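Report on the structure given below.
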Amino acid sequence: MSKKAYLAIDLGAESGRAIVGVLDGGKLSLQECHRFLHLPRRTPSGLHWNLMGLWGEILEGVKKSVVWAREAGVTIGSLGVDTWGVDCGYVGKSGEVIGLPHCYRDERNVAAMEGAFAAVGKEYLYAETGIQFMAFNTLYQVLAQQTAEEKFFDVVDKMLFIPDLFHFFFTGRAVAESSIASTSQMVDPKSGAWATGMLERLGVPLHILPEIVESGADIGGVLPWVAKETGCDEGMKVIVPASHDTGSAVAAVPANDGEEWCYVSSGTWSLMGAELDEPCLSDAARDVPFTNEGGVGGKIRFLKNIAGLWLVQECRRQFEREGEVYDYAELTRLAGEAEAFGTLVDPGHESFVSPGEMPSKMAAFARATGQKEPRSVGEYVRCALESLAFCYRQTLEKLEEVLGKRFGVMHIVGGGGRNGLLNQMTADAIGRRVVV
């Protein structure tokens, strides 16, 4: 059989999907077999992901994908999982999951980041990791967990990032894929190994760090019970992709050879940057700030994290709480009909980080900056989209300044590429060719 099929489990910060890719004579076709929504939930200990709910949806996705593949006359040869970055779970020596994984938006991380700055200094942290300072980075999550539960890591065997945790569920093997590990602010960007000297200075227990493997590594076959429950072939291979979703997205950019290109991985977060051969750890890069994350084939994803369509998603959720239900296509249509440049906000402003009451937060920002407050649904959504487009322009200018080069084309990848209005606003704002 010339056709080869592969299963991708792709989890974003709002939704997940199972997609079968069929390679036939050099052409790749995609079939989405399962899609689901998911959200973090608050408990007395903070904001957590519904780990078992996600795992159940993943198994359902495998099951549906196997059925589709058999009907299509192809066999799925391997599977792999990618997710959003930084978040992690913990397992004991028996394989027991210890606690629910915290969501990166949990407020407890801010104090942990400030404590790390006081202990070793921002300059040292950036020189050792090349990662943008954001309170949700895994490093600060680990330090926050130490503060919350003094003896917690005495019973932890390994820390596993979310995609690595699901790979562990599939195979029983506990490893960290390199691209997802690089989001943690715990990895040396030059060597790709754990930054053990820095971690020891901060008191992070080194025994929890798993082996780092490169994207594309074969980590074993699915466990017999997985095969029985999903109907897949027993021992089907688990091949880790670039397990950070942005790593996979950037690897898929159809850039032309010799072309100076940048990218936006557009979704709940917008990650904007360029692909480099070596990390850029200059003071200018730190001050913007830009981050140095690992990519496929030893590349560096030099980028800035921007609060992307999160603003629109949170507005939609708030409208729904108030009895007004819209799909994203309708919200985009209403934004297109609203007045241009009525209000602009800073998508990265700290008031927009936590969930809830997003329209009120945007209105408060407008009042504080002497601007017109959005009034209608369309005005709120247009404000979010135009603010993102101008943020892309500012980030592009900084990117070119720090790297000393001009980018002639911007590639937009990810679910946000479906928003034609935002894509056109982006092209208008940056004055460059945009390829979606």
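These numbers come from a predicted model, not from an experiment.
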Just wondering, are more than 12 heavy atoms of other shown residues or ligands nearer than 6.0 Å to CD in E324?
yes
Cation-pi check, K304 onto F290 ring (under 6.0 Å, within 45° of axis):
no
Side-chain donor-acceptor pair present, Q394, Y392, cut-off under 3.5 Å:
no
Near-ring test W84/F161, centroid separation under 6.0 angstrom
no
Any donor-acceptor pair under 3.5 Å linking the side-chain atoms of T343 with those of E373?
no
Can the ring centres of W49 and H38 be said to be less than 6.0 Å apart?
yes
Could you check, using the six-membered ring where one of them is a Trp, whether Y104 and W310 have ring centers closer than 6.0 angstrom?
no
If we count only N and O atoms by modelled type, under 3.5 Å, do the side chains of Q313 and R316 hold a donor and an acceptor together?
no
Parallel, tilted or perpendicular: which fits the ring planes of W55 and W225, with parallel below 30° and perpendicular above 60°?
perpendicular
Between Q145 and R108, does any side-chain donor sit less than 3.5 Å from a side-chain acceptor?
yes
Using a distance-only test with no angle check, is there a side-chain donor-acceptor pair under 3.5 angstrom linking W194 and D188?
no
Using the six-membered ring wherever Trp is involved, compare the ring planes of H48 and H102 and label them parallel, tilted or perpendicular (cut-offs 30° and 60°).
tilted
Going by distance alone, is a donor N or O of one side chain under 3.5 Å from an acceptor N or O of the other, for T369 and Q371?
yes
Would R201 pass as a cation-pi partner of Y124, given that its NZ or CZ must be under 6.0 Å from the six-membered ring centre and within 45 degrees of the axis?
yes
Which label fits F169 and F166: parallel for a plane angle under 30°, tilted from 30 to 60°, or perpendicular past 60°?
perpendicular
D428 versus Q424, side-chain donor and acceptor atoms under 3.5 Å:
yes
Under 3.5 Å side-chain donor-acceptor pair for Q132 and N305:
yes
Could you tell me if Q185 and Y140 have a donor-acceptor pair between their side chains, going purely by distance under 3.5 Å?
yes
